[in-house]
Amino acid sequence: EAQVTQNPRYLITVTGKKLTVTCSQNMNHEYMSWYRQDPGLGLRQIYYSMNVEVTDKGDVPEGYKVSRKEKRNFPLILESPSPNQTSLYFCASSPAASGRVRELFFGEGSRLTVL
Amino acid sequence: GDSVTQMEGPVTLSEEAFLTINCTYTATGYPSLFWYVQYPGEGLQLLLKATKADDKGSNKGFEATYRKETTSFHLEKGSVQVSDSAVYFCALRNTGGFKTIFGAGTRLFVKA
């Protein structure tokens, strides 16, 4: 089954404790991206990757890191989480890096709470 | 920069009522327009899309027409069901395609 898989789905952590949210897709997609969803703000892009070893900042990259060493994986790293990073996070992928007609395929989301 | 504005919710309707969720956009060039739906506890999934002016996207009884003259992409359904209760996001993806920009989302509640 074609899918985007995120882990963990739910996480409660404390300020400053490094964490990684993994994302993996099995569709051989070139493009991957991370979004955060907050009430009243919709989805805001954190980082995106056009292909292996090619990443760039989205609209709200502060406090986050990413890497793309393999085509299928795109982990999101919070080096020192803070309470304002409490949010619902989505990983998404798309067949081609460019191409305005291509839709995004989303994971089921990871709900993160930072105390 | 590019942006998407959609009507605030929540929208509460009775079953079989007519639904309209307004969406307008600001963009240079020729973006593609999308509606995504998020059911409770799930990720977003594509509902429909339109890639050029006057295109109509349709799926599951939902429709939206790409209106370049009014920069709009309103979502409509003639008769909603309880199972349509979800959050609906309007989005655009522009030439170059590196970024998809989302509206704030509209929550729909359908009562039996």
Side-chain angles (χ1 to χ4, degrees), chain A residues 1-7 9-10 21 23-25 27 29-51 54-61 68 88-111, chain B residues 1-10 21 23-25 27-53 55 57 59 64 66 68 73 86-107:
Chain A
E1 180 189 355
Q3 59 187 1
V4 179
T5 304
Q6 299 178 224
N7 280 296
R9 294 288 312 281
Y10 302 91
V21 186
C23 174
S24 181
Q25 51 91 6
M27 295 172 279
H29 285 174
E30 288 185 356
Y31 179 89
M32 298 185 75
S33 182
W34 277 102
Y35 288 87
R36 60 178 289 174
Q37 182 182 12
D38 301 291
L41 297 176
L43 276 77
R44 294 179 293 168
Q45 190 176 46
I46 303 170
Y47 270 94
Y48 64 93
S49 170
M50 292 175 283
N51 214 324
V54 182
T55 63
D56 206 349
K57 296 177 181 178
D59 297 317
V60 288
R68 186 96 180 270
L88 179 58
Y89 291 86
F90 287 101
C91 181
S93 70
S94 187
S98 63
R100 62 181 185 86
V101 302
R102 305 289 193 141
E103 70 265 29
L104 291 169
F105 295 80
F106 282 85
E108 292 187 310
S110 297
R111 184 166 293 281
Chain B
D2 297 350
S3 65
V4 175
T5 303
Q6 60 183 105
M7 62 188 287
E8 289 189 25
I21 300 178
C23 171
T24 57
Y25 68 91
T28 57
Y30 301 95
S32 290
L33 302 174
F34 305 84
W35 277 101
Y36 287 86
V37 59
Q38 182 181 30
Y39 297 105
E42 298 183 11
L44 283 73
Q45 57 186 273
L46 179 70
L47 180 60
L48 55 83
K49 70 180 183 183
T51 59
K52 62 183 187 296
D55 265 4
N59 185 25
Y66 189 141
K68 193 168 177 62
F73 192 55
V87 181
Y88 293 82
F89 291 91
C90 185
L92 71 83
R93 191 169 183 181
N94 214 333
T95 308
F98 298 144
K99 180 184 287 192
T100 298
I101 296 169
F102 289 86
T106 302
R107 184 175 295 276

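Just so we're on the same page: letters track the sequence lines, and every chain starts at 1.
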Taking all non-hydrogen atoms of both residues, which atom of A:F106 and which atom of B:L44 are closest, and how far apart? CB-O, 3.3 Å

What residue in B:G29, B:G43, B:A91, B:G41 has the most heavy-atom pairs under 4.5 Å with chain A? B:G43

Heavy-atom pair with the smallest gap, counting every atom of A:R102 and B:F34: O-CZ, 3.8 Å

Calculate, to the nearest 0.5 Å, the distance between atoms CD and NZ belonging to A:Q45 and B:K99 respectively. 5.5 Å

What part of A:R9 lies closer than 4.5 angstrom to a heavy atom of chain B: side chain, backbone, both or neither? side chain

With a strict 4.5 Å heavy-atom criterion, list every residue of residues 32-40 of chain A that contacts chain B, or say none. A:Y35, A:Q37, A:G40

Against chain B, work out which of A:L41, A:D56, A:L43 has the most heavy-atom pairs shorter than 4.5 Å and name it. A:L43

Quick check on A:K57: does its NZ atom have over 12 non-hydrogen neighbours (other residues, nucleotides or ligands) under 6.0 Å away? no

For the residue pair B:Q38 and A:F90, what are the closest heavy atoms and their distance? NE2-CZ, 3.2 Å

Could you go through residues 3-10 of chain B and list every donor-acceptor pair under 3.5 Å that involves a side-chain atom there, pairing it with any protein atom two or more places apart or in another chain?
| unit_1 | atom_1 | unit_2 | atom_2 | d |
| --- | --- | --- | --- | --- |
| B:Q6 | OE1 | B:C90 | N | 3.0 |
| B:Q6 | OE1 | B:G105 | N | 3.2 |
| B:Q6 | NE2 | B:Y88 | O | 2.8 |
| B:Q6 | NE2 | B:T106 | OG1 | 2.9 |

Inspect the surroundings of CZ in A:R44 and state if more than 12 heavy atoms from other residues, nucleotides or ligands are less than 6.0 Å away. yes

Has B:R93 got its NZ or CZ under 6.0 Å from the middle of the six-membered ring of A:Y31, at an angle within 45 degrees of the ring axis? yes

